[in-house]
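Below is one structure, written out as structure tokens; the observations come after it.
Letters go in sequence order (proteins before strands), and every chain restarts at 1.
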2 protein chains.
Amino acid sequence: MANPSPPIETIRPEVDQIVETIIYLYTESRRLTKGIAREVGLTGPQLTVLKLLETFQDLSLSSLSERIRAQNSTVTGIIDRMEREGLVCRERSKSDRRVVYIKLTEKGAKLAREIRVEPLEIFRIALTSLTQADLKDLLRILMKLQKRVLARVEEEET
Amino acid sequence: MANPSPPIETIRPEVDQIVETIIYLYTESRRLTKGIAREVGLTGPQLTVLKLLETFQDLSLSSLSERIRAQNSTVTGIIDRMEREGLVCRERSKSDRRVVYIKLTEKGAKLAREIRVEPLEIFRIALTSLTQADLKDLLRILMKLQKRVLARVEEEET
DNA sequence: CCACGATGCTTCGTGTACGAATTATTCGCT
DNA sequence: AGCGAATAATTCGTACACGAAGCATCGTGG
């Protein structure tokens with residue numbers, strides 16, 4: 001690995017700009033998802049859940065929270081509100097009565113079919129407009145970055 | 001621009017993984033910031049505000065919300081709680097009585113000095129460990145991506 | 001078989017986060 | 001001067017989002 005760490009002052013602007021850009025991309029794509037959701041009377045997270053349930057038929061609350069990277073307590077609230085709107089229903093597992101499965105109701109399934117756009121779709125469309133080479137490079141570098149961060153996180157947890 | 005858009009199915013996995021990774025990097029670095037903040041009895045956003053005010057001495061509420069990419073109403077709440085804790089104070093501008101400047105109190109300034117780590121620091125450290133070439137490539141591709149998203153956003157607003 | 005730790009979900013308290021409505025002030029225009 | 005649009009901040013209602021505590025259920029070791 002040649003020239004791994006140049007003095008930090010010289011690359012500070014680049015680093016800051018990269019951080020800025022990633023934050024922009026993340027927040028903007030969330031904002032756009034929210035906009036799509038609003039058109040059908042949903043919130044961002046609710047749209048995400050709806051589309052997930054359309055794909056997987058049913059999911060336990062835990063696996064749902066894992067997929068959307070949120071705590072169980074957060075997802076409980078989201079499901080509460082969606083249940084109130086009649087979009088999903090809870091169903092206790094028969095094999096393990098601690099587990100609750102979340103399913104789409106007819107109304108929920110119908111709504112899910114009406115929405116053509118996936119969450120984060122804009123992000124994905126922008127990505128597919130890159131060249132193959134750029135895509136490969138981007139993925140490679142990001143994975144490298146993720147590895148560094150992961151290492152630091154595990155170090156933290158010691 | 002050679003080979004700009006290969007069929008979407010072939011690159012779907014790469015695209016999804018890139019999205020996943022960016023989301024991971026964003027959420028993880030926020031989580032880590034939050035952890036640092038907790039150690040001194042602050043929340044993530046409060047730490048960000050504290051460090052910003054340490055750098056700029058004082059900022060109007062609007063410019064503060066612009067910098068942390070949040071709505072005025074959100075920042076009003078954050079400042080309310082920080083004021084309650086005696087970390088900052090509000091001061092009406094004399095030239096324009098609509099404007100409120102936020103300043104650190106003695107207590108706030110002292111706390112800011114005690115915290116060595118910047119928000120998103122881990123992110124930055126990981127970035128500086130990349131090679132110069134990787135950094136340059138990453139920035140170039142991300143900027144391209146941002147341009148595409150921006151175009152789409154402006155198109156939306158028509 | 002049964003005590004006990006682990007697991008799955010909910011509840012509660014607090015802190016963002018947003019958008020719409022409100023208030024106070026400023027600025028442009030006539 | 002003075003009316004009306006624009007701007008700065010706040011208030012309000014709703015929805016995440018998290019962590020700690022609580023409750024029910026499961027699984028295992030003794």
Side-chain angles (χ1 to χ4, degrees), chain A residues 23 26-28 30-39 41-50 58-85 87-102 119, chain B residues 23 26-28 30-50 58-85 87-103 119:
Chain A
I23 292 177
Y26 178 86
T27 56
E28 190 59 30
R30 282 213 2 169
R31 205 181 62 81
L32 291 170
T33 300
K34 199 173 186 171
I36 299 166
R38 274 177 72 87
E39 288 176 20
L42 292 176
T43 64
Q46 286 174 12
L47 172 56
T48 308
V49 167
L50 201 75
D58 58 5
L59 285 169
S60 74
L61 193 130
S62 303
S63 46
L64 200 50
S65 17
E66 210 172 308
R67 273 180 195 281
I68 69 174
R69 278 176 212 280
Q71 300 297 318
N72 281 351
S73 51
T74 301
V75 179
T76 294
I78 296 173
I79 297 302
D80 281 350
R81 288 178 287 273
M82 291 180 76
E83 199 174 23
R84 200 178 61 202
E85 298 298 322
L87 299 171
V88 301
C89 60
R90 284 174 160 94
E91 200 170 294
R92 279 228 172 273
S93 163
K94 297 216 163 75
S95 56
D96 184 344
R97 297 193 41 72
R98 290 170 303 180
V99 176
V100 171
Y101 286 109
I102 319 294
Chain B
I23 292 176
Y26 178 86
T27 56
E28 190 59 30
R30 283 217 355 174
R31 206 181 62 82
L32 291 169
T33 299
K34 199 173 186 172
I36 299 165
R38 275 177 71 86
E39 287 175 22
V40 292
L42 292 175
T43 64
Q46 286 172 12
L47 172 57
T48 307
V49 167
L50 200 75
D58 56 6
L59 285 169
S60 73
L61 193 129
S62 302
S63 46
L64 201 50
S65 18
E66 209 173 310
R67 273 180 195 281
I68 68 174
R69 278 174 211 281
Q71 301 296 319
N72 281 353
S73 51
T74 301
V75 179
T76 295
I78 295 172
I79 297 302
D80 281 349
R81 288 178 287 274
M82 291 181 76
E83 199 173 25
R84 200 178 61 203
E85 298 298 320
L87 299 171
V88 300
C89 61
R90 285 175 160 93
E91 200 170 294
R92 278 231 172 271
S93 163
K94 298 215 163 73
S95 56
D96 184 342
R97 296 194 40 73
R98 290 170 305 179
V99 176
V100 172
Y101 285 109
I102 320 293
K103 285 186 178 189

> At their closest point, which heavy atom of B/E91 faces which heavy atom of B/K103, and how far apart are they?
Replying inline: OE2-NZ, 3.5 Å
>> If I take atom CG in residue B/L64 and atom P in nucleotide C/dA17, what distance separates them, rounded to the nearest angstrom?
In response: 12 Å
> Nearest of C/dT16, C/dA6, C/dC18 to any side-chain atom of A/R98?
Replying inline: C/dA6
> Rounding to a whole Å, what distance do you find between A/R90:CZ and C/dT11:C1'?
Replying inline: 12 Å
> Relative to the 5' end of DNA chain C, which residue comes earlier, B/I78 or A/R38, by the nucleotide with the nearest heavy atom?
Replying inline: B/I78
>> Considering every strand and a 4.0 Å limit on heavy-atom distances, what is the contact class for A/T74: base, sugar-phosphate, or nothing?
In response: base
>> I'd like to know if the side chain of A/R38 and the backbone of A/T43 have a donor-acceptor N/O pair within less than 3.5 Å.
In response: no
> Reckon B/T43 has a side-chain N or O less than 4.0 Å from the OP1 or OP2 of C/dT14?
Replying inline: no
> OP1 or OP2 of D/dA15 sitting under 4.0 Å from any side-chain N/O of A/R84?
Replying inline: yes
> To the nearest angstrom, how far is B/E28 atom CD from D/dC18 atom P?
Replying inline: 12 Å
> Rounded to whole angstroms, how far apart are NZ on B/K34 and C1' on D/dA17?
Replying inline: 6 Å
> In whole Å, what is the span from the NZ atom of B/K94 to the P atom of C/dT25?
Replying inline: 15 Å
> Atom CD of B/E85 and atom C1' of C/dT16: how far apart are they, to the nearest Å?
Replying inline: 15 Å
>> Check this one for me: any side-chain N or O of A/R69 less than 4.0 Å away from OP1 or OP2 of D/dA17?
In response: no
> Over how many whole Å does the gap from B/M82 atom CE to C/dG15 atom P extend?
Replying inline: 12 Å
> With respect to the side chain of A/R97, which nucleotide from C/dT26, C/dT16, D/dC26 is positioned closest?
Replying inline: D/dC26
>> To check you understand the geometry: which heavy-atom pair defines the closest contact between A/A37 and A/G44, and what is its length?
In response: CB-N, 4.0 Å
>> With a 4.0 Å cutoff (strictly under), does any side-chain N or O of B/Q71 reach OP1 or OP2 of C/dA20?
In response: no
> Which whole-number value in Å describes the distance from B/D80 CG to D/dT11 C1'?
Replying inline: 10 Å
> Between A/P45 and B/S73, which has a closest nucleotide on DNA chain D that is more 5'?
Replying inline: B/S73
> Contact class for A/R92 (heavy atom, under 4.0 Å): base, sugar-phosphate, or nothing?
Replying inline: nothing
>> Looking only at the side chain of B/V99 (C-beta and beyond, no hydrogens), which of the listed nucleotides C/dG19, D/dA8, D/dT25 gets closest?
In response: D/dA8
> In this structure, are over 12 heavy atoms from other groups packed under 6.0 Å from B/R90 atom CZ?
Replying inline: yes
> Which part of the nucleic acid, if any, lies within reach of A/D96 when heavy atoms closer than 4.0 Å are counted: base, sugar-phosphate only, or nothing?
Replying inline: sugar-phosphate
> For D/dG19, does OP1 or OP2 lie under 4.0 Å from any side-chain N or O of B/R31?
Replying inline: no
> At their closest point, which heavy atom of B/L61 faces which heavy atom of B/N72, and how far apart are they?
Replying inline: CD2-O, 3.8 Å
>> Restricting to non-hydrogen atoms, name the atom on A/V75 and the atom on A/I68 that form the minimum distance, rounded to 0.1 Å.
In response: CG2-CD1, 3.9 Å
